[in-house]
There are 2 protein chains.
Amino acid sequence: MAQGPTINTIAERAGVSIASVSRVLNGLPTRQETVRKVMAAADELGYVRNAVARSLKSRRTHQVAFAMADVGNPAYLAMLREIQPVLKAAGYRLVLHSTDAVAADEIEVLHSLGERYVDGLIMSPLRVTEAHLETLSAARAPVVIIGSVPEGTRVDNVRADSRTGVKLAIDHLYGLGRRRIGMINGPLDTVPGASRGAAYREALEELGLPYDEDLVQIGDFYRAEGGRAVAALLERVPDVDALMCANDLIALGALDVLRAAGRRVPEDVAVVGMDDTDLAAASWPSLTSVSLGSAERGKAAAELLLDRLQNGDREPRLVTVPPRLSVRASTAGEQAARTARNVPPGADAGRDAAGKGDGA
Amino acid sequence: MAQGPTINTIAERAGVSIASVSRVLNGLPTRQETVRKVMAAADELGYVRNAVARSLKSRRTHQVAFAMADVGNPAYLAMLREIQPVLKAAGYRLVLHSTDAVAADEIEVLHSLGERYVDGLIMSPLRVTEAHLETLSAARAPVVIIGSVPEGTRVDNVRADSRTGVKLAIDHLYGLGRRRIGMINGPLDTVPGASRGAAYREALEELGLPYDEDLVQIGDFYRAEGGRAVAALLERVPDVDALMCANDLIALGALDVLRAAGRRVPEDVAVVGMDDTDLAAASWPSLTSVSLGSAERGKAAAELLLDRLQNGDREPRLVTVPPRLSVRASTAGEQAARTARNVPPGADAGRDAAGKGDGA
DNA sequence: AAAAACTCTGTAAACGTTTACGGCGTTTGG
DNA sequence: CCAAACGCCGTAAACGTTTACAGAGTTTTT
């Protein structure tokens, strides 16, 4: 592979020094004649700046890393989708790390900041351990954490508010007249499982509804098990009239099982999901879902990082993104949902260019 | 920010030369005593290799770029999901480019290979223009193209086979006794639109069915417009008994409209989508869909690139990924679909850790 | 015992930029 | 007409590595 031209090649051909070439290429004040010669030579040679050499000297890579648990996870994708354009607009490239939700991998990513291949990092750790905090405090580049971090940790931080999110949903159901509101949750030893469970209890209490253990069923965060959990709950509490599901997949499982059991949604049982993924709009009936603002969190994180990159020593900031309730047919009925959103029938689609890019 | 330690710092502390330090760090043969001293110094200082300086010297960045049209597109995501682990296992980082399906951006990415910030590129262009080919032939790093490329282009290439994919679907519908099979397509001036339209026609001909223009309706690739197209088709050809949709979103729109029109799916009208996205499994009835193997294409592309990086001058290769039909309820009925997949009710969920990573 | 071979290490150059510094030639001011 | 000021430009050092080469010291061979 032919060695590409360098500023040396250009300098030779233009009959000037490499310093002049560099100055011209960087737009520093230079005599017109010199500019012309250098530009001509550069054009003829098809010169492109070597980013690596540039980074070595300038100590800036113009790259930022984003470490997510799982590339397939819609919540992280929503973040990615917002992070990408923000960084791109600011002239940064995006390096993607998938940590498979393994703490050791996350710590390895933090540690690898020492290699200085990126200027900063946005990370959304599954859960923050002592080891995370230690490595974090020694990190050799600015980091923004998406997710909760112990009080007093000196790091830029973006959080969701799932507590308020759950409350929004419960209040919504209450407002629709539901009084026997069940909860289908994931394992309580996960961060979201624990906080969503607690939030459910609190929301009921604030409304003056009794907390009834029979109304809570634990499974995992997937569709099949979610369905089974709902089946178990229906058996135990036949008069349940609403289901708060800890994520959208569980809610889809709920729809499966309710349909099989001959219960109408939302007339007999209203269903609410969480995360407001694409799936919520695709299902039938479409799913009311609590959005925890993944997209907004991604955007906020990117902006925090950019700000920090320009202004290294300001105080760490905390941004909390408010949740939002996307009301759809599974609680409000098709008619009501449509009115709320003010869209014509069938216009619920998100964007999708699927199939555009395939090789036919 | 404190300047991190370099091999110079280590050399000083260990009382050896930087060459020795480098040798030790790279595992080149060295006296035990020296190894010990260097390792000790490196540990004490918390030394981490500077990837940029390393790249400059070695002319290898251990980074690979993936350029996709749109981060939000499930088809590209499926690719990304497979590409990531393959590269990671081989010790490469992934740089993500989103080109917004703008040809100029794609060309810019190709051009920027000259900056040498990556060792290679996987690109899935919306459509390959003359300008693409020109820039491609002058690219300063190996490229793998996902998608079709003119005969004779010297580049590693991975393709889907949407022709066979459409045929699979049409044959399936024919096998179910359907004879009035409509097609809802996107614009014919897009690559997938054109090829899927042609494939539909051919598949009918091979089965001895007449090609009836009335059975074809063009819209775009989104849900709302897809629904409208279906409505128009129903009006014109009330006795249509199956719909071949050019992607899953169109198919979702079809389900919306058929439901509103009181037609049962699949009893009255069978529906097939394309791309086999997550949405297909989430909808109700779940959607039979043609998978064009996005995941497999991504994997193949990553492997081709890695191979090329190790073996620069072999002949370009072409890999064609066969399509697959995922039969679900929208053609076969719930019962049949379940039998075909041999899964219990409600176990249709894909993976999803949504909600795991959020800050609660 | 001298030469040859071998092992280990240090010096220095190179990768492709950016940039501080000083020199030279021209303009300006007194 | 000389000095000061200024505008351009070239030389060289630096960023943090890797690595060719040669020198020093040790071991083997003849």
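What you are looking at is a predicted structure, and each value in this text was computed from that prediction instead of being measured. Labels below follow one simple rule: chain letters A, B, ... track the order of the sequence lines, proteins then strands, and each chain is numbered from 1.
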Check the phosphate of D:dT18 against B:N26, side-chain N and O only, distance under 4.0 Å to OP1 or OP2. Yes or no?
yes

Could you check whether A:V16 gets within reach of a base, just the sugar-phosphate, or nothing at all, counting any heavy atom under 4.0 Å?
sugar-phosphate

Does a side chain donor of either A:N26 or A:R49 reach within less than 3.5 Å of an acceptor in the other side chain?
yes

B:N157 side chain vs B:I145 backbone, donor-acceptor pair below 3.5 Å:
yes

From C-beta outward on B:K57, which listed nucleotide comes closest to its side chain: D:dA14, D:dT18, C:dT19?
D:dT18

Identify which nucleotide among C:dT9, C:dG16, C:dT18 has an atom closest to any side-chain atom of A:R54, counting heavy atoms from C-beta outward.
C:dT18

From C:dG10, D:dA12, C:dG16, nucleotide with atom closest to B:R59 side chain
C:dG16

Of the nucleotides D:dC9, D:dT19, C:dT9, which has the atom closest to the B:S22 side chain?
D:dT19

Of the candidate nucleotides D:dT18, C:dG10, D:dC8, which contains the atom at the shortest distance from the side chain of B:I7?
D:dT18

Considering all heavy atoms, the nearest A:P5-A:Y47 contact
O-CD1, 3.4 Å

Touch check for B:T30, heavy atoms < 4.0 angstrom, all strands: base, sugar-phosphate only, or nothing?
sugar-phosphate

Please state how far atom CG in A:L56 lies from atom C1' in D:dT18, giving the value in whole angstrom units.
13 Å

Under 4.0 Å from OP1 or OP2 of D:dG10: is there any side-chain N or O of A:S17 that close?
yes

Separation of atom CD in B:Q32 from atom P in C:dC8, rounded to whole Å:
10 Å

Presence of A:T34 side-chain N/O under 4.0 Å of D:dC9 phosphate oxygens OP1/OP2:
yes

Distance check: side-chain N/O of A:S20 vs OP1/OP2 of D:dC9, anything under 4.0 Å?
no

Salt-bridge contact A:E303-A:R317 (side-chain N to carboxylate O under 4.0 Å):
no

CD of B:E115 versus C1' of C:dG16: gap in Å, rounded?
13 Å

Would you say the side-chain atoms of B:T6 pair up with the backbone N or O of B:N8, donor to acceptor, closer than 3.5 Å?
yes

Salt bridge present between A:D70 and B:R81 (N-O < 4.0 angstrom)
no

Could you tell me whether B:D119 and B:R59 make a salt bridge, using a distance below 4.0 angstrom between a side-chain N and a carboxylate O?
no

Between P of C:dG10 and CG of B:N8, the distance in whole Å
13 Å

Whole-Å distance separating the CD1 atom of B:I18 from the C1' atom of C:dA14
12 Å

What's the closest nucleotide to the side chain of A:A53 if the choices are C:dT17, D:dT17, C:dT9?
C:dT17

Residue pair B:G15/A:V21 against DNA chain C: nearer the 5' end by closest nucleotide is B:G15

Counting only side-chain heavy atoms from C-beta out, which of D:dT19, C:dC8, C:dT17 sits nearest to A:N50?
C:dT17

Atom pairs, N/O to N/O, protein against nucleotides 20-24 of chain D, distance under 3.5 Å?
none

To the nearest Å, give me how far apart CG (B:L28) and P (D:dT18) are.
9 Å

Distance check needed: C:dC15 C1' versus A:R49 CZ, whole Å only.
18 Å

B:Y117 OH to C:dG16 P, straight-line distance once rounded to whole Å
18 Å

Basic-acidic side-chain contact under 4.0 Å: B:K299, B:E296
no

